[in-house]
A.B. asks: 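Can you read through this structure? Questions will come right after.
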Amino acid sequence: MKLALQDLPSIGLVSVSRKVKANGHVWRVTFLSQIGHESWFGDLSLLTVSVFDTDVINDFVLDTSGMSGTLLGTNAKLLVENPVRSFNGFEQQSIETYCSSGGSTIDGSFTLSFEGKTS
């Protein structure tokens, strides 16, 4: 995920960590720099996600509840949050995948978007 994000022209350096969470995963993306906005210390645009191969940028969302698409599992969904805003340090955003069923596993793929560019 780190390389895919850093390949986007609007993102500079990022640090990405991944933790296993019950019925899913949480990726933490910490923005270490932002290309074209080096002196900006305010909030960044939120990452958005899509679980459909045919989505255009305006269809990307912060929460995929109720959508199946390329993400598999019982009530599988993606959720983007902003637990650390840039004025508290480096901007940190999270992408969380999970299923609602304890015995279910999550599988599939998703696409990220940031400032109009997709991974």
A.B. asks: Step by step, would you call Glu81 with Ile95 a side chain to side chain contact (heavy atoms under 4.5 Å, CB included)?
C.D. replies: CA-CA 7 Å; Glu81 295 179 319; Ile95 300 105; over 6 Å; no
A.B. asks: Just verifying a value: how many Å separate Leu32 CG and Thr30 OG1, rounded to the nearest 0.5 Å?
C.D. replies: 6.5 Å
A.B. asks: Does the ring center of Tyr98 lie less than 6.0 Å from the ring center of Trp27?
C.D. replies: no
A.B. asks: What's the spacing between Arg28 CZ and Arg18 CZ if we round to 0.5 Å?
C.D. replies: 14.0 Å
A.B. asks: When you group the ILVMFWY residues by side-chain heavy-atom contacts below 4.5 Å and let the links chain together, are Leu8 and Val80 in the same group?
C.D. replies: yes
A.B. asks: In Å and rounded to the nearest 0.5 Å, what is the CG to OG distance from Leu47 to Ser119?
C.D. replies: 9.0 Å
A.B. asks: Show me the side-chain donor-acceptor pairs of residues 52-59 shorter than 3.5 Å, one per line, residues at least two apart or across chains.
C.D. replies:
unit_1	atom_1	unit_2	atom_2	d
Asp55	OD2	Ser50	OG	2.6
Asp59	OD2	Val56	N	3.3

A.B. asks: Of all residues at least two apart in sequence or in a different chain, which pass the side chain to side chain donor-acceptor pair (under 3.5 Å) check with Lys21?
C.D. replies: Glu96
A.B. asks: Is Leu112 close to Leu5 at the side-chain level, that is, under 4.5 Å between some pair of heavy atoms?
C.D. replies: yes
A.B. asks: Could you check Asn23, Leu72, Leu71, Thr74 and say which one makes a side chain to side chain contact (heavy atoms under 4.5 Å, CB included) with Ile106?
C.D. replies: Leu71
A.B. asks: Taking the six-membered ring for Trp, are the ring centroids of Phe31 and Phe114 within less than 6.0 Å of each other?
C.D. replies: yes
A.B. asks: So Gln92 and Asn82, side chain to side chain contact (heavy atoms under 4.5 Å, CB included) or not? Walk me through it.
C.D. replies: CA-CA 6 Å; Gln92 188 178 86; Asn82 192 195; 5.7 Å; no
A.B. asks: Set out, in order, the CA-CA distance, both residues' side-chain angles and the distance that settles side chain to side chain contact (heavy atoms under 4.5 Å, CB included) for Leu62 and Thr48, then state yes or no.
C.D. replies: CA-CA 5 Å; Leu62 297 174; Thr48 54; 4.0 Å; yes
A.B. asks: Consider only side-chain heavy atoms of I, L, V, M, F, W and Y, link residues closer than 4.5 Å, and tell whether Val26 and Leu46 are in one cluster.
C.D. replies: no
A.B. asks: Report the distance from atom OG of Ser17 to atom NZ of Lys2, rounding to the nearest 0.5 Å.
C.D. replies: 11.0 Å
A.B. asks: Under 3.5 Å, is there a donor on one side chain and an acceptor on the other for Lys77 and Ser65?
C.D. replies: yes
A.B. asks: If I compare all heavy atoms of Glu115 with all of Ser45, which pair ends up nearest, and what's the gap?
C.D. replies: OE2-OG, 3.4 Å
A.B. asks: Of all heavy-atom pairs between Phe110 and Val49, which one has the smallest distance, and what is that distance?
C.D. replies: CD1-CG1, 4.4 Å
A.B. asks: Is it the case that one hydrophobic cluster holds both Val51 and Val61, taking links as side-chain heavy atoms less than 4.5 Å apart, direct or via other members?
C.D. replies: yes
